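Please read these numbers as outputs of a predicted model, since none were measured by experiment. We number each residue from 1, following the sequence as shown.
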Amino acid sequence: MTSLNRTTSALLLALAAGTTLSACAPLLIGGAIWGGSMVVTDRRTSGTQIDDQAIELKSVRRIADVIGDRGHVNVTSYNRLVLVTGEVPTEADKAAVEQAVARIDNVRSIVNELTLTAPSSLSARSNDTLLTSKVKASMVDAKDIQANAYKVVTERSIVYLMGRVTEREAGRAADISRGVSGVQKVVKVFDVVSEGELSDTQPKTLAKP
């Protein structure tokens with residue numbers, strides 16, 4: 001069984017298990033326990049989180065079908081808004097990747113940030129991983145934003161920020177990210193909502209049944 005198939009199978013098994021839980025059994029979704037006393041931290045609905053995972057999984061196969069091993073492509077979905085990053089050799093490949101992802105169920109919008117160049121080196125990707133960790137740590141240290149509300153993606157030292165946030169939160173996260181040593185640029189790929197809209201998804205403590 002391929003790695004992709006194993007991951008897909010694991011996701012389906014997790015979903016099936018979730019439907020058989022009793023009313024008092026805790027269910028782990030988005031880093032929070034439903035039916036226990038932990039706090040819900042993900043601003044997406046559970047259904048949207050599942051859609052985002054499915055979009056990312058399906059993208060791997062769809063992209064392989066259209067460009068093979070030409071290029072290095074990453075797909076990140078948040079609230080069904082899809083960010084495509086990495087490197088491909090031609091404009092035709094860039095367009096083919098976007099079209100392939102657009103045909104996946106539940107994709108709401110695509111931000112295509114593919115660069116026309118040779119694939120990044122392993123050392124560059126390692127540096128990107130380190131920068132992502134530094135940005136996330138800086139958000140936690142800041143104390144005045146909810147760090148778990150953001151998804152951070154780094155490609156070629158460019159930091160992409162995703163999440164369902166207010167204008168204030170978007171600006172604050174961008175400022176924090178720009179202050180991290182080694183970050184060359186910050187790109188905001190947010191779903192911006194009003195304070196009123198956000199209040200409906202603020203973390204709530206769930207009582208035990």
_Give me each pair satisfying salt bridge (charged side-chain N to carboxylate O under 4.0 Å, His left out) with a member in residues 102-112, each pair once, sequence neighbours excluded._
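Applying salt bridge (charged side-chain N to carboxylate O under 4.0 Å, His left out) to every pair that reaches into residues 102-112, excluding sequence neighbours, yields Arg108-Asp191.
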*asked:* Listing request: all salt bridge (charged side-chain N to carboxylate O under 4.0 Å, His left out) pairs with a residue in residues 141-160, at least two apart in sequence or in separate chains.
replied: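 Sorted result for residues 141-160: Glu56-Lys151, Glu87-Arg156, Asp144-Arg172.
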Find out whether [X] and [Y] are in side-chain contact, i.e. whether some heavy atom of one side chain is under 4.5 Å from a heavy atom of the other.
X      : Y      : value
Val165 : Arg43  : yes
Met139 : Tyr150 : yes
Thr90  : Leu116 : no
Val111 : Val84  : no
Leu114 : Thr85  : no
Arg70  : Val88  : no
Ser157 : Asn127 : yes
Glu169 : Thr166 : yes

*Please say whether the positively charged group of Arg164, taken as NZ for Lys or CZ for Arg, lies over the ring of Phe190, i.e. under 6.0 angstrom from the six-membered ring centre and within 45 degrees of the axis.*
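Arg164 over Phe190 ring: no.
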*Check each of Asn74, Leu130, Val159 against Thr154 using the side chain to side chain contact (heavy atoms under 4.5 Å, CB included) test, and report the only one that passes.*
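Among the candidates, only Val159 passes.
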Of all the heavy-atom pairs spanning [X] and [Y], show the shortest one and how long it is.
X      : Y      : answer
Lys188 : Ala170 : CD-O, 3.9 Å
Asp93  : Pro89  : OD2-CG, 3.2 Å
Ala100 : Arg62  : O-NH1, 3.9 Å

Could you tell me whether the side chains of [X] and [Y] share a donor-acceptor contact shorter than 3.5 Å?
X      : Y      : answer
Thr115 : Thr117 : no
Thr132 : Thr129 : no
Asp52  : Ser77  : yes

Between [X] and [Y], is there a shared hydrophobic cluster once you connect ILVMFWY residues whose side-chain heavy atoms come closer than 4.5 Å?
X      : Y      : result
Val153 : Val82  : no
Leu81  : Val193 : no
Val107 : Met162 : no
Ile110 : Ile67  : yes
Ile63  : Tyr160 : no

_Leu161 vs Val186, side-chain contact (heavy atoms from CB on, under 4.5 Å): CA-CA, chis, key distance, verdict_ = CA-CA 7 Å; Leu161 300 175; Val186 176; 3.8 Å; yes
Drop me the distance from [X]'s [atom1] to [Y]'s [atom2], to the nearest 0.5 angstrom.
X      : Y      : atom1 : atom2 : result
Ser126 : Leu131 : OG    : CG    : 11.0 Å
Glu113 : Leu83  : CD    : CG    : 6.5 Å
Leu198 : Ser194 : CG    : OG    : 8.0 Å
Arg80  : Asn106 : CZ    : CG    : 5.5 Å

Throw together a table of side-chain donor-acceptor distances under 3.5 angstrom for residues 177-185, partners on residues two or more places apart or in other chains.
{"residue": "Ser177", "atom": "OG", "partner": "Ala173", "partner atom": "O", "Å": "2.9"}
{"residue": "Arg178", "atom": "NH1", "partner": "Asp175", "partner atom": "OD1", "Å": "3.0"}
{"residue": "Gln184", "atom": "NE2", "partner": "Gly182", "partner atom": "O", "Å": "3.4"}

*side chain to side chain donor-acceptor pair (under 3.5 Å) between Thr45 and Thr48: does it pass, once the steps are laid out?*
CA-CA 5 Å; Thr45 66; Thr48 301; 2.8 Å; yes
*For Asp69, look at atom CG and say whether over 12 heavy atoms of other residues, nucleotides or ligands are found less than 6.0 Å away.*
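Count not over threshold, so no.
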_Check: Ala96 main-chain N/O paired with Gln99 side-chain donor or acceptor under 3.5 Å_ =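 Not confirmed, Gln99 side chain does not pair with Ala96 backbone.
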